[in-house]
Amino acid sequence: MGSEFDIERILWTEQEIAGRVAELAAEISGDLIGAAGPPVVFVGVATGAFLFLADLVRRITLPLAVDFVRVESYGSGTESNGAPKISSDLKIDIRGKHVVLVEDIVDTGNTVSCLIPHLRTKGAISVSVCTFLDKPARRKVHFELVGGGKFYRGFECPDSFVVGYGMDYDELYRNLPYVGVLKPEMYNK
């Protein structure tokens, strides 16, 4: 289970992903080049963002630190429960630092709208969001960035259930090197 035979169609290939990640890294590096003070902290939202975060930070041309936060909102389903809960917090002190929150996908906006104020209360002087996929058609909650932070997105995603490149269904498919639409029969059982 969890194979490429379960994929209805591929949305972005490994090569397209690599190219877009390089573009995002260059844009973020350019925007933060003048950021005074300590290194920028890239905070990955575990577990879905781990591949994107790794690829992104390898291409950032600035001093940086990396940490993770774990937020639970999906369980084993395909729909967010709408009430994200932080189950594992940062280990790095972000007080007085610029933070780039790295997400695999922003759809309803619930998770980032929970995390941005959390990072602000921990003392971040700016919070930007860099999401691999943005699904604005499903946005239910709008969020405000902190301290001149910016919103970066890799690709605008159609309103389909996608897996691969770190994103999963019931913890499967994360290892696919591309992003594809999961066949409905795989989750409508």
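Sequence positions, counted from 1, serve as the residue numbers for this chain. What you see below is based on every heavy atom in this structure, not just the backbone, and it leaves out hydrogens, waters and symmetry mates.
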Once rounded to the nearest 0.5 Å, what's the spacing between atom NE2 of H98 and atom CG of L64?
13.5 Å
If the condition is side-chain hydrogen bond (donor to acceptor under 3.5 Å, both in side chains), which residues does E156 pass it with, not counting sequence neighbours?
R153
Ion pair present between K122 and D89, side-chain N to carboxylate O less than 4.0 angstrom?
yes
Main-chain N/O of V43 paired with D67 side-chain donor or acceptor, under 3.5 Å:
no
Stepwise side chain to side chain contact (heavy atoms under 4.5 Å, CB included) check, T108 with V141
CA-CA 6 Å; T108 63; V141 178; 5.8 Å; no
Does the side chain of I7 reach to within under 4.5 Å of the side chain of K183, using non-hydrogen atoms?
no
Throw together a table of side-chain donor-acceptor distances under 3.5 angstrom for residues 159-167, partners on residues two or more places apart or in other chains.
unit_1	atom_1	unit_2	atom_2	d
Y165	OH	D55	OD2	2.6

I want to know whether F68 and F50 have ring centres closer than 6.0 Å.
no
Between W12 and F155, ring centroids under 6.0 Å
yes
So do the side chains of I94 and L119 get within less than 4.5 Å of each other, counting heavy atoms only?
yes
Kindly check if the number of other-residue, nucleotide or ligand heavy atoms within 6.0 Å of CZ (R174) is above 12?
yes
Rounded to the nearest 0.5 Å, what separation is found between the CZ atom of R95 and the OG1 atom of T121?
9.5 Å
Non-hydrogen atoms of R139 and F151 that approach each other most closely:
NH2-CZ, 4.5 Å
Taking T131 for its side chain and D134 for its backbone only, find out whether a donor-acceptor pair lies under 3.5 Å.
no
Could you pull out the closest heavy-atom pair between A124 and V146, with the gap in Å?
O-CG1, 4.2 Å
Tell me whether F5 is reachable from L176 by hopping between hydrophobic residues (I, L, V, M, F, W, Y) whose side-chain heavy atoms are closer than 4.5 Å.
no
Do P117 and E144 come close enough that some side-chain heavy atom pair is under 4.5 Å?
no
For the atom pair CG (L145) and CZ (R120), what is the distance rounded to the nearest 0.5 Å?
10.5 Å
Student check: side-chain heavy atoms of V179 and F132 closer than 4.5 Å
yes
For Y173 and M186, work out which heavy atoms get closest and say how close.
OH-CE, 3.7 Å
Rounded to the nearest 0.5 Å, what's the gap from SG on C157 to CG on D107? Could you check?
8.5 Å
Side-chain donor-acceptor contact under 3.5 Å, T47 with R70:
yes
Any heavy-atom pair between the side chains of L62 and P39 that's under 4.5 Å?
no
Do I86 and H118 pass the side chain to side chain contact (heavy atoms under 4.5 Å, CB included) test, and can you show the C-alpha distance, the side-chain angles, and the key distance before you say yes or no?
CA-CA 9 Å; I86 298 170; H118 178 71; 3.5 Å; yes
Would you indicate whether the side-chain heavy atoms of D168 and L172 approach each other to under 4.5 Å?
no
Examine distances only and state if a side-chain atom of R20 and a backbone atom of G154 form a donor-acceptor pair shorter than 3.5 Å.
yes
Once you round to the nearest 0.5 Å, how far does OG1 of T61 lie from CG of L32?
9.5 Å
For residues V129 and Y152, determine if any side-chain heavy atom of one lies less than 4.5 Å from a side-chain heavy atom of the other.
no
Audit row: V99, V40, side chain to side chain contact (heavy atoms under 4.5 Å, CB included) steps and yes/no
CA-CA 6 Å; V99 172; V40 176; over 6 Å; no
Might you point out which heavy atoms bring L24 and F52 nearest each other, and give the distance in Å?
CD1-CZ, 3.9 Å
Does the side chain of L101 reach to within under 4.5 Å of the side chain of V45, using non-hydrogen atoms?
yes
Search all heavy atoms of V102 against all heavy atoms of A49 and return the closest pair with its distance.
O-CB, 3.4 Å
With sequence neighbours left out, the residues meeting side-chain hydrogen bond (donor to acceptor under 3.5 Å, both in side chains) with S88 are none
Just by modelled atom types, is the C130 backbone N or O under 3.5 Å from a matching donor or acceptor in the K150 side chain?
no
Closest non-hydrogen atoms of D6 and L182, given as atom of the first, atom of the second and distance, are O-CD1, 3.4 Å
